[in-house]
Visitor: 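Next up is a structure, given as C-alpha cells.
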Amino acid sequence: MRTDRRTLLRSAAAVPLAAAAAAPTARAAAAGAGRPLVVGHRGAAGWRPEHTAAAYTYGVQTGADWIEPDLVPTRDHVLVVRHENDISQTTDVAAHPEFAGRRTTRTVDGRPVTGWFTEDFTLAELKTLRAVERLPGVRDRNTVLDGRQQVLTFQEVVDLARRLSRRYGRTVAVFPETKHPTYFRSIGLPLEGKLAEAVRRNRLGPRECVVQSFEPSSLRRVAAQRLGLPLWQALGTTGGPYDLVAAGDPTTYADLMTPAGLAGIAEYADWIGPDKTSVVPVGADGRLGTPTTLVADAHAAGLRVGAYTFRAENQFLPVDFRRGSDPNGFGDAFAEYALHRRLGVDAVVTDFPDLAVLARDGAGAPDGTG
C-alpha cells in the first residue's frame, strides 16, 4: 500500500522539523513586494564563466536580487562554489600535469561520472586552478575570461555579496544550494554543518541568505540548525530526489508538485523551485502548452514559487519565442519572462539577470511599460 506523501517526506530524514515556526517571518522577509525577484544563476552565467567573481559582480551590477553559489566540499572540508564536484568542464584542471593522476570515476547519485572531483583536492590545490566557460560552443564570448578567475570559497562569495551590497546600496542575498548532499554525507563530507557554521560566523539573516536543495532531507537538516533562514525546495522534472531514491522511497518530483505534496513541503520550506516547464509545459514540438496549476497550488499551500532556468539563447527557449535559425542566437527572452510573471511566479532564476531586470522593471517592453 502506498504511504501518505507527508509520511514519506517525514521519513526521508531522521532529523527534527524546526522550520515551521519561523516560516511566516522568513516568507515575509523573502517576499518580493509584488515584483518577481531576480536570482542570478551562478552569478550571471550567460555573460561570464559561472561561479566566478566576475559573474557574481556582473549579476549584481545589472540588478540581481540574489546570487546563487552551488556548494561542494574540498578534501579538507571547505565549501567551494562549483556547479558540480566534477570540475572537468569548469576549470583548467586537465591542463595541469601534476593532477593527471587524480582523474577517476565516481558514482554520484547513482550515476558513474569520470573526471576530476573537488573532494580529491585540498583548497590550496584548487586555488592553483582557474575557471573556464562551461559552454564554450554556446557562449564563445565568455571564453575571453578563461584562465583569469579563481575557484571561490563560499566565504569569499559571502564577502563579495556584502561588498557589493555596500557599493550599490541594497541588500544582495546569497542563495546557496547543497549539491549532492546524500553522496557527500556518504563519503564523510556532509554539507549542512559547514553551511550552518558559515551562516553563524557571518551572522547571515533571512534577507541575506536563502538555502536551497533538491533533497528534502538536506533542507530538514538545515532547518534543524535553527538558523531562521528561508528554505527553498528545488524540484526536478523526472524521477525523485536522490535522498528519497537512496532510501527506497518511491515519491517523485511529480508527487511533490501535487496539492498534497506541496502541503508536505510547506511543513519545512518557504519556497519551491520548479523547472519552468513545470509551470508552462513544452510539447514534443517544442511549443508552449497549457499552463499548469502549480503556481496557484503552491500559493494556496503558503509557498512562494521561483522558476528556473531562464536563458536567452534560442535553444533554451520554446519555439514560440525563438528568432532565426541560429540555436545560439538570442530569441525573445522578454516574452518568456512576461508569460511567467503573468502566471504569478515570485522569482526567476536566470543566466541573464540584466534581461530579467529589464523585463520586470519595464525597459524590456517596446512601449517601456513592461
Side-chain angles (χ1 to χ4, degrees), residues 2 5-6 9 27 31-32 34-39 41 46 212 214 232-241 250-266 269-325 327 329-353 355-360 362 364-367 369-370:
R2 187 175 179 83
R5 291 189 186 95
R6 294 190 194 185
L9 283 168
R27 288 183 186 129
R35 301 162 67 242
L37 294 168
V38 172
V39 181
H41 187 230
Q212 65 167 320
F214 281 89
W232 172 304
Q233 177 64 62
L235 299 167
T237 57
T238 60
T251 303
T252 65
Y253 288 119
D255 294 332
L256 294 176
M257 287 186 274
T258 64
L262 294 168
I265 291 172
D270 307 273
W271 289 79
I272 60 165
D275 185 278
K276 62 184 182 177
T277 61
S278 294
V279 178
V280 187
V282 174
D285 61 356
R287 295 189 177 278
L288 292 169
T290 302
T292 69
T293 62
L294 179 59
V295 174
D297 291 343
H299 287 166
L303 294 163
R304 294 188 179 274
V305 180
Y308 72 88
T309 302
F310 291 81
R311 299 178 170 100
E313 295 95 348
N314 280 321
Q315 64 181 286
F316 302 120
L317 290 168
V319 168
D320 314 64
F321 300 144
R322 294 175 189 172
R323 290 175 171 167
S325 59
F330 280 18
D332 190 357
F334 292 111
E336 186 173 46
Y337 289 123
L339 170 61
H340 284 263
R341 183 173 184 176
R342 287 195 301 272
L343 292 171
V345 299
D346 304 288
V348 292
V349 181
T350 175
D351 283 5
F352 296 90
L355 302 184
V357 170
L358 288 172
R360 180 189 67 188
D367 62 359
T369 60

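Positions are given from 1 along the sequence.
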Visitor: What heavy-atom pair brings W271 and D346 nearest, and what distance separates the two atoms?
Guide: CZ3-CB, 3.7 Å

Visitor: Name all residues meeting the salt bridge (charged side-chain N to carboxylate O under 4.0 Å, His left out) criterion together with D332; count only those two or more places apart in sequence or in a different chain, and write none if there are none.
Guide: R323

Visitor: How far apart are the closest heavy atoms of L355 and F334, and which atoms are they?
Guide: O-CE2, 3.4 Å

Visitor: Report the distance from atom CG of D320 to atom CZ of R287, rounding to the nearest 0.5 Å.
Guide: 5.5 Å

Visitor: How far apart are the closest heavy atoms of G306 and P274, and which atoms are they?
Guide: O-CD, 3.4 Å

Visitor: Indicate the atoms forming the closest heavy-atom contact of S278 with L294, along with that distance.
Guide: O-CD2, 3.8 Å

Visitor: Apply side chain to side chain contact (heavy atoms under 4.5 Å, CB included) to the pair L256 and I265, showing each step before the final yes or no.
Guide: CA-CA 8 Å; L256 294 176; I265 291 172; 4.1 Å; yes

Visitor: Examine distances only and state if a side-chain atom of D297 and a backbone atom of P259 form a donor-acceptor pair shorter than 3.5 Å.
Guide: no

Visitor: Quick one: pull up NZ in K276 and CG in L343 and give me the separation to the nearest 0.5 Å.
Guide: 13.0 Å

Visitor: Where do H340 and V295 land on the side chain to side chain contact (heavy atoms under 4.5 Å, CB included) test, with the steps shown first?
Guide: CA-CA 10 Å; H340 284 263; V295 174; over 6 Å; no

Visitor: Does a side-chain heavy-atom distance below 4.5 Å link V357 with R360?
Guide: yes

Visitor: Given the rule in the side chain to side chain contact (heavy atoms under 4.5 Å, CB included) test, do R322 and V319 qualify, once you have shown the distances and angles that lead to the verdict?
Guide: CA-CA 5 Å; R322 294 175 189 172; V319 168; 3.5 Å; yes

Visitor: Can any side-chain N or O of T293 pair as donor or acceptor with the backbone N or O of A296 at less than 3.5 Å?
Guide: no

Visitor: Going from CG on L288 to OG1 on T277, what distance comes out if it is rounded to the nearest 0.5 angstrom?
Guide: 10.5 Å

Visitor: Can you name the nearest heavy-atom pair linking R341 to P36, along with the distance?
Guide: NE-CD, 3.7 Å

Visitor: How many angstroms lie between CG in D255 and CG in L262, if you round to the nearest 0.5 Å?
Guide: 11.0 Å

Visitor: Would you find a donor on one side and an acceptor on the other, under 3.5 Å apart, between the side chain of Q212 and the backbone of Q233?
Guide: no

Visitor: Pick one: which of F310, F330, Y337 meets ring-ring contact (aromatic ring centres under 6.0 Å, His included) with F352?
Guide: F330

Visitor: Might you work through the side chain to side chain contact (heavy atoms under 4.5 Å, CB included) test for D275 and Y308, ending with a clear yes or no?
Guide: CA-CA 5 Å; D275 185 278; Y308 72 88; 3.7 Å; yes

Visitor: Nearest 0.5 Å, please: how far is CH2 in W232 from CD1 in I272?
Guide: 9.0 Å

Visitor: How long is the span from the CG atom in L317 to the CZ atom in R311, to the nearest 0.5 Å?
Guide: 10.5 Å

Visitor: Give the minimum heavy-atom separation between P327 and E313, together with the two atoms involved.
Guide: O-CB, 3.8 Å

